[in-house]
Amino acid sequence: MLEVQNLSMRFGGLLAVDQVSLDVQEHEIVAIIGPNGAGKTTVFNCMSGFYKPSGGKILFEGRDIQGKPDYKISRLGLVRTFQHVRLFSRMTVVENLLVAQHRHLNTNLLSGILKTPNYREKEQKSLDRAAYWLDRVGLMDMANRDAGNLAYGQQRRLEIARCMVTEPKLLMLDEPAAGLNPAETKDLNQLIISLKEDYNVSVVLIEHDMSLVMDISDRINVINQGRPLASGTPDEIRRNDDVIKAYLGEA
Amino acid sequence: MAAHNLKHALFCAFITLIISYPILGFDLTSRGTTVVLEGVNTTTSIGVLAAVIIVFLFQYFRDSVMGSLRQLPAINPLANREPMEQSKRLKLESILLTLMIIGALIWPFIASRGAVDLATLVLIYIMLALGLNVVVGLAGLLDLGYVAFYAVGAYTFALLSQYYGISFWFALPIGAGLAALFGLVLGFPVLRLRGDYLAIVTLGFGEIIRILLNNMTSLTGGPNGIGGIPDPTLFGMEFGRRVKEEGNTSFHETFGIAYSGEHKVIFLYLIALVLAVITAIAIRRLMRMPVGRAWEALREDEIAAKSLGLSRTAVKLSAFTIGAFFAGFAGTVFASKQGFISPESFVFLESAIILAIVVLGGMGSQMGVILAAIAVTILPELAREFSEYRMLIFGAAMVLMMVWRPQGLMPMRRIHIELKRQE
Ligand SMILES: Nc1ncnc2c1ncn2[C@@H]1O[C@H](COP(=O)(O)OP(=O)(O)O)[C@@H](O)[C@H]1O
Ligand SMILES: [Mg+2]
């Protein structure tokens, strides 16, 4: 469903991403790994429209999306999280989920001000959807806390829930396990698998935690200093000499 | 440390001296055809000297003074109170609001004419502050030129009535709509700006509008302003002693009561009250709707908002437009209340006062903003004798307030939303 062809991104003299290609099929978890500064986040930023790539093509469901504005890409069903959690900290946890559903609730201003039955019904639906996902990520009891006051692991889960209420087709997670303890990482592991199995969402994942990556990924792309180094199934990557030398060897 | 303090304090005292003495210490008096410079009387000189000493002492003991000031929030008995339960708080709030509105409805019939007139002004400021609260408090866009939209509303009514004889009731939606249109148009160029840059550019817009009004003499009368703006009518009944418009009747004759200038003042007050209540309710609804949440989301984290499919353009423009709309409302009422407007009424100071109301009240908090609007408009009137020092007192109050309660009189409280567990 997603195809990235020869993507390049240049910042002044620095070629941060150089001819990277990858593809994601329906019902698949694809990982991008590589050392810090390899250009993984930059690839995400290009895919989600935050950067205009200097070269290459990005196709989503057969449509060209490179250079499209970020919010339009998100509306196509390509939604992401961030390496450093970005919540609406001074809004409550539920409100974070309601913001994300603005498109399910797009009625005109007047019907909202007058609270027409149609508006109420849609509002109730988004509340229910928010409740469902809060329950799913174990944050139901925190619903009315300010998002900024959550523990770090809870913030990470809220960020994923916030993506899920938009009902995405493809979810991009940037280092979701960073800063989590082993128990939380295990929960996350199961959550990601369930996103694929139960909600039919494909996932692109940037991650440093090798056991997580090897466990849940269907395929892995390795990039190093902006260049593609290898790609294949977890087993192939584990055995790849280049990868061992450049990346796994260090760890 | 002490030596550094002393040096700093001496420096500040010196600056005070060289700034204030030349300004206050000399007088220009004309003798015949020439102007001569004279030293002023000794009291002024002593005053300047006293000021220098005070500055010196304050700067020298600044750490301990500021330290004790910082204790102020602790003295506030309400500071560390447990927050009230939501259901209780909402009930209390709605009772309070109902009482306030009932009181506001009865009050003009017992109060003096001057007081009712002042109260109308308070209501106008409430509308303005509630509107600006959308832009600054909710959307987090620092707008220093808000008074421009107020001016658009006021001038729309003034011009329409002067050139086309259009009445208050038709001008009200037109004025608000036109102000909203200005908000939309002025919103475009500042879409990409944030923080200080946005503040500077909006400040410029505010001034541009005022200067345009000042200079388009043939249309707006320039600094002379526009007079003879008609009062609102009640179903075709005028409130003047004699009927001005053909086809209208006069209020006191229709009801067979004696003419009184107060009828008009009370009527205007009631209109302002109704409009202020409508403004408050409409914005309250908007805050709980997707638009309102989008404003706040954009304030909290623009990048995250965009990643969820919110269009920055649409969200920002909607905040500017809706904020400006209510300023247009207020402007139309203001023009009708004054009967005469000129660019003088729409200077930067007005923007600053409205902004101060929002900040004092507590960004995003409607109750806070309403209380602050009442305080900021009425207090200077009560302290008429000090009117020369109005701005000084105002400034000092702002500083104290920010030390004592930096989050505002009544900071915004988030509403709790009850959720049903889903299967
Ligand atoms: N906006 C930017 N401007 C300039 N350089 C950037 C920018 N974003 C990323 N880079 C550079 O691109 C390289 C790749 O960064 P990044 O994609 O964040 O790496 P990773 O996520 O793999 O750790 C780094 O050298 C970084 O400094
Ligand atoms: Mg990164």
Side-chain angles (χ1 to χ4, degrees), chain A residues 48-50 69-77 79-82 85-92 94-96 98-107 109 111-115 119 123-124 126-136 140 143-148 159 162-163 165-166 172, chain B residues 83 85-87 137-138 140 180 191 278-316 318-319 321-322 325 363-365 407 411-423:
Chain A
S48 55
F50 283 96
D70 36 30
Y71 69 95
K72 281 196 179 150
I73 291 180
S74 155
R75 289 177 185 186
L76 292 176
V79 181
R80 68 174 292 184
T81 65
F82 297 87
V85 186
R86 285 181 172 273
L87 292 173
F88 307 121
S89 338
R90 283 183 295 169
M91 300 174 79
T92 62
V94 209
E95 285 175 325
N96 267 267
L98 293 176
V99 167
Q101 300 183 60
H102 58 103
R103 289 183 51 238
H104 300 300
L105 233 176
N106 87 53
T107 45
L109 281 185
S111 69
I113 291 178
L114 301 176
K115 274 200 182 172
Y119 175 84
E123 192 180 35
Q124 191 54 47
S126 32
L127 281 174
D128 291 345
R129 198 178 288 112
Y132 176 85
W133 277 101
L134 282 183
D135 206 21
R136 187 72 190 71
M140 198 61 171
N144 283 303
R145 298 269 184 91
D146 277 9
E159 210 185 11
R162 193 176 64 179
C163 290
V165 293
T166 68
M172 302 192 276
Chain B
E85 220 176 281
Q86 153 137 324
S87 52
L138 297 177
L191 275 177
I278 290 177
T279 305
I281 292 176
I283 292 178
R284 201 177 183 77
R285 280 298 309 150
L286 286 171
M287 282 163 71
R288 288 156 174 62
M289 280 166 53
V291 230
R293 297 205 183 97
W295 292 333
E296 289 196 80
L298 204 72
R299 173 193 75 200
E300 291 296 301
D301 193 321
E302 197 170 307
I303 289 180
K306 289 197 291 184
S307 83
L308 295 169
L310 287 172
S311 148
R312 183 179 62 178
T313 312
V315 177
K316 281 194 180 177
S318 67
T321 310
I322 289 175
F325 179 86
M363 300 259 227
S365 149
Q407 69 279 57
M412 181 175 179
R413 288 280 191 72
R414 307 228 64 96
I415 39 155
H416 281 224
I417 298 175
E418 291 305 323
L419 293 177
K420 282 183 294 188
R421 211 169 273 271
Q422 299 297 302
E423 297 318 311

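Note on naming: letters A, B, ... go to the chains in the order of the sequence lines (proteins, then strands), and numbering restarts at 1 for each one. Model, not experiment: these values are computed from the prediction.
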Given R293(B) and F88(A), is the side-chain contact (heavy atoms from CB on, under 4.5 Å) satisfied, shown in steps?
CA-CA 10 Å; R293(B) 297 205 183 97; F88(A) 307 121; over 6 Å; no
Just do the side-chain contact (heavy atoms from CB on, under 4.5 Å) check on S307(B) and Y71(A) with the steps written out, would you?
CA-CA 6 Å; S307(B) 83; Y71(A) 69 95; over 6 Å; no
Dump the intermediate steps for side-chain contact (heavy atoms from CB on, under 4.5 Å) on Y119(A) and M289(B), then the final yes or no.
CA-CA 10 Å; Y119(A) 175 84; M289(B) 280 166 53; 3.2 Å; yes
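Of the possible polar contacts, one joining the E300(B) side chain to the R90(A) backbone as a donor-acceptor pair under 3.5 Å is found. Between the R285(B) side chain and the G112(A) main chain, a donor and an acceptor come within less than 3.5 Å of each other. A donor-acceptor distance shorter than 3.5 angstrom exists from the side chain of H102(A) to the backbone of L308(B), with no hydrogens or angles considered. Using modelled atom types, one side-chain atom of R75(A) and one backbone atom of G309(B) make a donor-acceptor pair closer than 3.5 Å. Of the possible donor and acceptor atoms, one in the side chain of N144(A) sits under 3.5 Å from a partner among the backbone N and O of I417(B).
Between chain B and the residues K115(A), K72(A), R80(A), the most heavy-atom pairs under 4.5 angstrom are made by K115(A).
At least one side-chain heavy atom of V94(A) sits less than 4.5 Å from a side-chain heavy atom of L419(B). Within the 4.5 Å cutoff, the side chain of L310(B) has heavy atoms near those of the V99(A) side chain.
D146(A) touches chain B through its side chain: at least one heavy atom from C-beta onward sits under 4.5 Å away, while N, CA, C and O do not. Only the side chain of T166(A) comes within less than 4.5 Å of a heavy atom in chain B; its backbone stays farther off. Heavy-atom distances place no part of R136(A) under 4.5 Å from chain B, backbone and side chain included. In this structure, the portions of M91(A) lying under 4.5 Å from any heavy atom of chain B include both its backbone and its side chain. Residue I281(B): no heavy atom, backbone or side chain, is found under 4.5 Å from chain A. For chain B, the nearby part of Q124(A) is the side chain; its heavy atoms alone come within less than 4.5 Å. Of the atoms belonging to L134(A), it is side-chain heavy atoms, and not backbone ones, that fall under 4.5 Å from chain B. For R284(B), no part lies near chain A; criterion is any non-hydrogen pair under 4.5 Å.
Heavy atoms of other residues, nucleotides or ligands lying less than 6.0 angstrom from CZ of R145(A) number 12 at most.
Taken from CD1 in I73(A) to NZ in K306(B), the straight-line distance is 11.5 Å, to the nearest 0.5 Å.
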